[in-house]
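To start, the structure itself, in structure tokens.
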2 protein chains.
Amino acid sequence: MITREHDPRTDRRVRRTRDAIHRALIELMIEKGYEAVTVADIITKADVGRSTFYTHFTDKREVLYASIDDLAGFLRAGSQVKGGRRLFGFSRMMFEHAHEQQELLRALLGRGGGAIVYERIRLVLADLVRDDLVPRVGPGATVPLDLVVDGVVGAYMALLSRWLDEREPHTPHEMDVAFRRLVIPGVVSGLGITAPEGAAGAEPR
Amino acid sequence: MITREHDPRTDRRVRRTRDAIHRALIELMIEKGYEAVTVADIITKADVGRSTFYTHFTDKREVLYASIDDLAGFLRAGSQVKGGRRLFGFSRMMFEHAHEQQELLRALLGRGGGAIVYERIRLVLADLVRDDLVPRVGPGATVPLDLVVDGVVGAYMALLSRWLDEREPHTPHEMDVAFRRLVIPGVVSGLGITAPEGAAGAEPR
DNA sequence: TCCATTCATGAACATAGTGTCCAGCAACTC
DNA sequence: GAGTTGCTGGACACTATGTTCATGAATGGA
């Protein structure tokens with residue numbers, strides 16, 4: 001579960017309003033998608049004054065960024081703990097998280113999510129993928145690492161967004177397996193990876 | 001080269017204004033990206049009245065769609081002629097076209113392109129990829145076709161957009177080879193393809 | 001409990017963009 | 001040349017954004 005930080009040093013009023021605004025945006029995104037949400041919508045649902053909104057945020061975007069950073073932090077943290085040495089350890093975890101938080105993730109990454117979210121998440125994933133691949137690149141690599149990273153992340157994001165939009169006809173586990181089977185062979189041969197631990201299509205239950 | 005149709009049956013004035021508006025939008029997109037362009041910008045650059053604009057189009061989006069459909073048509077036509085029986089025949093052709101029409105394609109598919117363009121092009125590519133794959137699916141397929149299509153298109157779009165944004169540090173040919181090397185192994189094994197003509201990473205000069 | 005500080009409020013305002021309407025004039029087609 | 005069709009520009013209603021400010025209330029430290 002992703003939660004906002006609650007720094008007890010900040011004024012309680014500040015915490016309350018910021019929280020209310022964040023919650024409002026997310027609920028509204030679930031209802032009608034990011035682009036369609038207006039500041040007026042947000043302050044109505046959050047029940048705060050217009051001027052209050054603008055003393056805390058400059059933009060609709062700025063409110064959004066905080067939510068994305070929460071998700072990004074979740075991804076970073078989780079992939080280090082759970083991912084371990086497994087190639088693309090974030091994949092399974094992310095699909096499962098997306099399954100539990102369907103509505104939120106669909107709002108963020110589905111069709112209505114908006115390009116800003118997509119781009120930020122893409123960058124986080126690109127870092128994770130790169131960190132996964134760099135130590136495994138072999139001498140026989142025939143495809144530039146940057147291109148591999150872009151391709152892998154592109155494929156992953158595509159699978160994830162479509163899965164969310166289609167109301168998840170597959171299980172998270174099936175999605176993870178599909179992603180690995182589809183992507184790992186090309187990555188292994190393209191980068192000249194020799195000992196792909198955890199790189200097989202199948203995986204422990 | 002993508003060109004607008006010039007149906008001689010329509011009034012010359014209509015042709016002129018519609019053309020001017022299309023051209024104006026594209027130039028403005030190259031300057032500052034789709035989202036930032038306003039209707040006021042368009043009519044100023046196209047030098048037509050505001051009411052004129054709205055008698056021809058309901059939206060900024062509608063102007064854009066025509067440009068996309070041109071590109072889509074180019075893709076469909078080209079991939080049938082040039083692509084032939086080669087797997088993912090559109091790839092090389094698209095990279096080369098994107099190279100020649102850098103600014104336009106960057107405006108459409110780069111960061112500033114907007115989600116609408118991305119989605120429309122994605123759909124066209126998905127059709128092409130699907131048509132390519134359907135007749136080759138073998139009995140030993142382990143990954144659902146839909147997921148393969150999504151993954152392949154996602155990877156391709158990612159490579160293409162990044163390539164455009166990075167001002168093309170690689171050649172179209174290198175990009176095409178990278179795409180094939182990265183994607184084809186997984187597709188072949190995931191779909192149980194037995195005789196992948198033209199599926200090898202290398203290719204004739 | 002008190003009180004200086006900080007925050008929330010809402011209403012007014014300036015700005016910018018969208019989309020509609022219409023009457024008069026110009027360009028086009030046949 | 002005449003009738004049709006399209007272009008024009010200006011006015012208008014509407015929605016949304018972001019700023020400002022005086023007022024009153026909540027807060028947290030002493």
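So you know, we letter chains A, B, ... as the sequences are listed, proteins then strands, and number each from 1.
When heavy atoms are screened at a 4.0 angstrom cut-off, A:Arg12 is found touching the sugar-phosphate backbone but no base atom. Residue contacts for A:Asp41: at a heavy-atom cut-off of 4.0 Å it reaches no nucleic acid atom on any strand shown.
We find that CG of B:Asp11 is positioned 17 Å from P of C:dA26, with the value rounded to whole Å. The interatomic distance linking B:Asp19 (CG) with D:dC7 (P) rounds to 12 Å, in whole Å. Rounded to a whole Å, the CD atom of A:Glu35 is 17 Å from the P atom of C:dG17. Atom-to-atom, CG of A:Asp59 to P of D:dA16 comes out at 16 Å; the value is rounded to the nearest Å. Separating the CZ atom of A:Arg13 from the P atom of D:dA25 is a distance of 13 Å, rounded to the nearest angstrom. The CD1-P distance, from A:Ile43 to C:dG10, rounds to 9 Å in whole Å. Residue A:Arg16 contributes atom CZ, which lies 15 Å from atom C1' of C:dT9 at whole-angstrom precision. Going from atom CG of B:Asp47 over to atom C1' of C:dA26 covers 15 Å, rounded to whole Å.
Residues satisfying the salt bridge (Lys or Arg N to Asp or Glu O under 4.0 Å) criterion with A:Glu166, sequence neighbours excluded, are A:Arg162. Scanning for salt bridge (Lys or Arg N to Asp or Glu O under 4.0 Å) contacts around A:Asp131 gives an empty result, with sequence neighbours left out. Considering only residues two or more places apart in sequence or on other chains, A:Arg61 meets the salt bridge (Lys or Arg N to Asp or Glu O under 4.0 Å) condition with A:Asp59. In this view, B:Ile30 and B:Ile26, B:Glu103, B:Ala107 satisfy the side chain to side chain contact (heavy atoms under 4.5 Å, CB included) rule, not counting sequence neighbours.
Sorted by first and then second residue, the side chain to side chain donor-acceptor pair (under 3.5 Å) pairs with a member in residues 43-54 of chain A read A:Glu31-A:Lys45; sequence neighbours excluded.
In terms of position along DNA chain C, the nucleotide closest to A:Thr17 lies nearer the 5' end than the nucleotide closest to the other residue of the pair A:Thr17 and B:Val37.
Within residues 48-57 of chain A, the residues having any heavy atom closer than 4.0 Å to DNA chain D are, in order of number, A:Arg50, A:Ser51, A:Tyr54.
For A:His170, the NE2 atom counts as densely surrounded, since its 6.0 Å shell holds more than 12 non-hydrogen atoms of other residues, nucleotides or ligands.
Between B:Asp132 and B:Arg86 there is no salt bridge, since no side-chain nitrogen of the basic residue lies less than 4.0 Å from a carboxylate oxygen of the acidic one.
When the side-chain nitrogen and oxygen atoms of A:Thr38 are compared with OP1 and OP2 of D:dT15, none of them lie within a distance under 4.0 Å.
Nearest to the side-chain atoms of B:Arg15 among the listed nucleotides C:dT29, C:dG17, D:dT17 stands C:dT29.
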